[in-house]
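Heads up: the structure comes next, in structure tokens.
Just so you know, ligand 1 is whichever comes first in the structure, and atom 1 is the first atom listed for that ligand. Residue numbers count from 1 along this sequence.
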Amino acid sequence: MKTPRECFGGRMAVIMAFAGSAIGLGNIWRFPYLLGENGGAAFILIYVAFTLLLSLPIFLAESVIGRSSQANCRAAVGFLVPGKAGHLFGLLMVVTPLWILSYYSVVGGWSLDYFLQAVQLRFIRATPEMISGGFARFIASPWVPVACHLAFLGVSVGVVVSGVKGGIERFCKWSIPTLFILIVLIAVYSLSLPGAMKGVEYLVKPDFSKVTAHTFIDALGQSFFSLSLGTGIIITYSSYIKKSENLVAAGVGTALSDLFFAILAGFAIIPAVFSAGIAPGTGPTLLFDTLPYIFSHLGQSAPVLSAVAAIIFFAAIFLAALTSSISLLEVGVTYLTEEKGMKRGWACALLFAVCAVAGTLCCFSTSVFDFADSAASNVLMVLGSLLSVILAGWVMPRQALFRELTNGGALRGNARIFTVMRILIRYVAPVGILVLVLSSVL
Ligand code: PFF
């Protein structure tokens, strides 16, 4: 007899799992440096608008596809598009998260190494001059990054192997609240530093002179990345949501917690950057070069506090990366167990092996790493998002969409805004995605 499919326990469990996928390196690493490059508060405003108007409808489209199918991603897409095309599109949604996991877990490995360095007080014992350029030295010899990548991947597998309820749900239920506490602690520390108010000003006073066409592309791309759109994750997680749950409430809860966390991360990082007298637009090196430098700089006058802050900070990054990587892994695991009849343990072992090899290649070559990242963000995720809104908005019958978003009309509030949600899914989201594609091509 077939064992019944697992389900998430309730609304809170669903939001925690989704938030776990959404809250990650994107919030703590990408968001603050994009913010720094694009005029602070102005970027936040554009980002919030895109998240609510474009990303949330795409999220709901994927959620509807997942829950209506109650099946893995490949099958979910296959129900809507029968034949070879549906099979291929479905497989694309299974491959994308594994592709992302291969390099995402490399960055997760870096965060593990930096956490260990923080615990050994390396940033505090060294002078800022010694710290500077440390990241280039760290990745120049790939063996330590490879070991950290494997360790990080191993921990992710360790969570996923215990199942949806016993592994993912249980892990996210404590790690997400913990993450919020850690980031609030860092924000309080950062705001207490001398000169921090200049950073606060930067975060609350929009500087529209820095806004260019690029700001909009950055904000939209970041919003997609942060909500893990177009990767099969939302479809897969939603397939584990009970029919009685409110999908719209879960989607809104996830988007708001993701936004809130990103803004909190901005408040945790930017005031410290200003306090150390550094320009906020240092780019992608912000997390692994600028921040250790800042901890070392602050450690000269307040070593204990800076040491604790560094440990908390890198622990938060490690945890955030982990909650996202388990979601990336689950898509493939659900596919292999349901479609190929594999045991969960074997599916995890197989995917560990695949991502271990691919991630190791990324550790050895920055061009492989960059290629993997840009192919995922610019092609795979965009394609996946476009496919999802077309499927939910144009292929799925109107009544089926209505049934999923309103629980058959029982959720009156959702029924009242159904037409607006459908317009956002059918027209606004596809146009937004096409604009993103065209602008990056141009
Ligand atoms: N949302 C994650 C973050 O912000 O770090 C990153 C991510 C996870 C992207 C899963 C895509 C994905 F499929």
Side-chain angles (χ1 to χ4, degrees), residues 15-35 47 50-51 55-56 58-59 62-63 66 73 92-111 152-153 156 159-160 168 172 175-176 179 183 218-238 251 254-266 284 286-287 316-335 351 355 359 372-385 387-388:
I15 294 181
M16 289 297 154
F18 275 140
S21 175
I23 295 171
L25 295 163
N27 303 60
I28 310 186
W29 172 39
R30 243 168 148 228
F31 182 75
Y33 86 68
L34 287 175
L35 192 73
Y47 179 69
F50 277 157
T51 299
S55 301
L56 183 56
I58 302 173
F59 187 102
E62 299 190 4
S63 212
C73 228
L92 172 82
M93 297 289 233
V94 176
V95 169
T96 300
L98 293 173
W99 179 286
I100 297 175
L101 181 59
S102 300
Y103 71 90
Y104 196 83
S105 57
V106 171
V107 187
W110 298 345
S111 70
F152 179 85
L153 208 50
S156 313
V159 175
V160 173
I168 298 173
C172 289
S175 58
I176 295 299
L179 259 176
I183 207 77
D218 277 351
L220 192 56
Q222 168 62 12
S223 167
F224 276 31
F225 184 82
S226 195
L227 275 181
S228 313
L229 301 180
T231 57
I233 288 172
I234 297 151
I235 296 182
T236 303
Y237 272 11
S238 299
T254 306
L256 292 183
S257 33
D258 187 42
L259 279 175
F260 185 58
F261 192 90
I263 294 171
L264 260 180
L286 177 70
L287 205 56
I317 295 173
F318 174 69
L319 202 54
L322 203 54
T323 57
S324 295
S325 72
I326 60 177
S327 69
L328 288 162
L329 198 56
E330 179 58 31
V331 180
V333 170
T334 306
Y335 167 73
L351 298 183
C355 295
D373 183 26
S374 71
S377 326
N378 302 331
V379 184
L380 297 174
M381 293 179 77
V382 178
L383 262 181
S385 305
L387 184 66
S388 304

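Under 4.0 angstrom from ligand 1, there are no non-hydrogen atoms of Pro97.
For atom 4 (O) of ligand 1, the closest non-hydrogen atom of the protein is Ala22 O, 3.0 Å. Ranking protein heavy atoms by distance to atom 8 (C) of ligand 1, first place goes to Ser228 OG, 3.5 Å. The protein non-hydrogen atom at the shortest distance from atom 9 (C) of ligand 1 is Phe225 O, 3.4 Å. Looking from atom 2 (C) of ligand 1 to the surrounding protein, the closest heavy atom is Ser21 O, 3.3 Å.
Residue Ser325 comes nearest to Leu101 through the heavy atom pair CB-CD1, 3.6 Å, listed as atom of the first residue, atom of the second, then distance.
Ligand 1 has no nitrogen or oxygen under 3.5 angstrom from a nitrogen or oxygen of Thr231. Close N/O approach between Met381 and ligand 1 is not found [any backbone or side-chain N/O within under 3.5 Å]. Residue Ile233 places no N or O, backbone or side chain, under 3.5 Å from any N or O of ligand 1. Looking at ligand 1, you'll find an N or O of Gly26 within less than 3.5 Å of one of its N or O atoms.
Near Leu328, the atoms of ligand 1 lying under 4.0 angstrom from a non-hydrogen atom of the residue are 10 (C), 12 (C), 13 (F).
For the pair Tyr237/Ile168, a side-chain contact is recorded, criterion being any heavy-atom separation below 4.5 Å from C-beta on. The closest side-chain heavy-atom distance from Thr51 to Leu56 is not below 4.5 Å. Considering only heavy atoms from C-beta on, Ser21 stays 4.5 Å or farther from Thr231 through its side chain.
One side chain, Ser223 or Ser55, offers a donor N or O that lies under 3.5 Å from an acceptor on the other.
In this structure, Tyr104 is part of the shell of residues with a heavy atom less than 4.0 angstrom from ligand 1. In this structure, Arg30 has no heavy atom closer than 4.0 Å to ligand 1.
The aromatic rings of Phe152 and Phe318 sit perpendicular, their planes meeting at an angle over 60°, well past the 30° parallel limit. Note on ring orientation: taking the six-membered ring where Trp is involved, the planes of Tyr104 and Phe225 are tilted (angle from 30° to 60°).
Using a distance-only test at 3.5 Å, with no hydrogens or angles considered, a donor-acceptor pair links the side chain of Ser324 to the main chain of Gly20.
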